[in-house]
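Residue numbers run from 1 in the order of the sequence given.
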Amino acid sequence: QTRLDSLVLFSSLGFANAATAYAGRAVAAGRFREARMAGLWASVHAILFGSLLVGFYLQQSDLVVAWFLPQPSARLLELTAVYFGIAAWAQVLGAGALGAMGATYGAGSMIAPMLVDLGAFLISGCLLWWVASASGDLAACYWALLIGMAVVLLGQLLTVVFWVRKPGL
């Protein structure tokens, strides 16, 4: 599943790179709103593209498992369906966060997205640790991961909205 997650995340880099270039040009021209919109749209497009992939994985989970393992057990198919139904969507949210970060980088702010990631991943990690310690239920851990990645995405979107204002901030 790690390879399939990589497709979701790495595809978002194209949107992030486009946002970096566009936001950089927009900020240089004094068009800060356009720079912010580049990040927001890159995030939306990365989420939509990632959703297509994860939606396919979820709808065809038995087929996807069979690509890697010709005779999967019923338990593996069940666990994979749970993963694609919950945890894989965290990768979609991560893709959206990467898309948004592109505009912030293009606007000249390299530290803000890293600080936001640090704080958001600390929150996410603590939530995941707490759920895993309290219940140990795999689905509950996946939900904690998904909620944690929503915090990361929200943090990066807020960074685009509030930091992409003037060069060097």
Side-chain angles (χ1 to χ4, degrees), residues 1-58 82-132 139-169:
Q1 294 158 345
T2 302
R3 291 179 184 147
L4 299 174
D5 291 339
S6 296
L7 290 175
V8 175
L9 289 174
F10 288 158
S11 64
S12 70
L13 297 179
F15 298 112
N17 289 337
T20 299
Y22 190 83
R25 290 176 58 107
V27 165
R31 298 189 317 257
F32 302 107
R33 182 182 181 284
E34 290 179 26
R36 288 190 296 276
M37 292 307 294
L40 297 177
W41 280 113
S43 180
V44 167
H45 286 103
I47 288 170
L48 289 174
F49 188 80
S51 294
L52 287 174
L53 290 172
V54 173
F56 172 77
Y57 300 160
L58 180 59
V82 171
Y83 179 84
F84 288 151
I86 305 170
W89 294 99
Q91 305 302 333
V92 172
L93 299 180
L98 288 171
M101 288 170 69
T104 309
Y105 288 148
S109 180
M110 303 298 281
I111 295 175
M114 289 188 283
L115 292 176
V116 168
D117 261 359
L118 177 64
F121 278 113
L122 280 173
I123 292 168
S124 179
C126 288
L127 178 63
L128 184 57
W129 175 81
W130 178 70
V131 169
C141 290
Y142 285 164
W143 279 108
L145 175 66
L146 183 63
I147 292 166
M149 284 308 297
V151 171
V152 172
L153 172 61
L154 179 63
Q156 291 304 338
L157 291 173
L158 291 173
T159 302
V160 168
V161 171
F162 293 109
W163 263 278
V164 179
R165 299 212 177 265
K166 295 180 181 174
L169 294 178

Within this structure, what is the [atom1]-[atom2] distance for the pair [X] and [Y], rounded to the nearest 0.5 Å?
X	Y	atom1	atom2	value
Ile123	Leu128	CD1	CG	13.5 Å
Thr104	Leu157	OG1	CG	9.0 Å
Arg31	Arg25	CZ	CZ	8.0 Å
Arg36	Phe162	CZ	CZ	9.5 Å
Leu154	Met149	CG	CE	12.0 Å
Asn17	Ser12	CG	OG	9.0 Å

Considering all heavy atoms of both residues, which atom of [X] and which atom of [Y] are nearest to each other, and what is their separation?
X	Y	answer
Ala103	Ala38	CB-C, 4.3 Å
Ser43	Leu153	OG-CD1, 3.7 Å
Leu145	Ala87	CD2-CB, 4.2 Å
Ala144	Leu127	O-CD2, 3.6 Å
Ala90	Leu146	N-CD1, 3.4 Å
Ala19	Ala42	CB-CB, 3.6 Å

#### Entry: Tyr22 and Glu34, any side-chain heavy atoms less than 4.5 Å apart
yes

Leu93 vs Val152 side-chain heavy atoms within contact, under 4.5 Å |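 With C-beta onward as the side chain, the pair stays apart.
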
Hits for side-chain hydrogen bond (donor to acceptor under 3.5 Å, both in side chains) against Gln156, two or more places apart or cross-chain, chain-then-number order -> Asp117

Could you pull out every donor-acceptor pair under 3.5 Å between side chains of residues 46-54 and any protein atom, sequence neighbours left out?
{"residue": "Ser51", "atom": "OG", "partner": "Ile47", "partner atom": "O", "Å": "2.7"}

Is a side-chain N or O of [X] found less than 3.5 angstrom from the main chain of [Y], in a donor-acceptor match?
X	Y	answer
Ser109	Tyr105	no
Thr20	Gly102	yes
Ser11	Leu7	yes

- Message: Just checking Phe10: does its CZ atom have more than 12 heavy atoms from other residues, nucleotides or ligands closer to it than 6.0 angstrom?
- Response: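 Not more than 12 within 6.0 Å, no.
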
Worksheet item: Does a donor on one side chain sit under 3.5 Å from an acceptor on the other, for Asp5 and Tyr83?
Response: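 Yes - a donor-acceptor pair under 3.5 Å links their side chains.
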
Using side-chain contact (heavy atoms from CB on, under 4.5 Å), reason through Trp143 and Val131 one step at a time and then give a plain yes or no. CA-CA 9 Å; Trp143 279 108; Val131 169; over 6 Å; no

- Task: Please work out whether the ring planes of Phe84 and Tyr57 are parallel, tilted or perpendicular, with thresholds of 30° and 60°.
- Result: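 Rings of Phe84 and Tyr57: tilted, 30 to 60°.
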
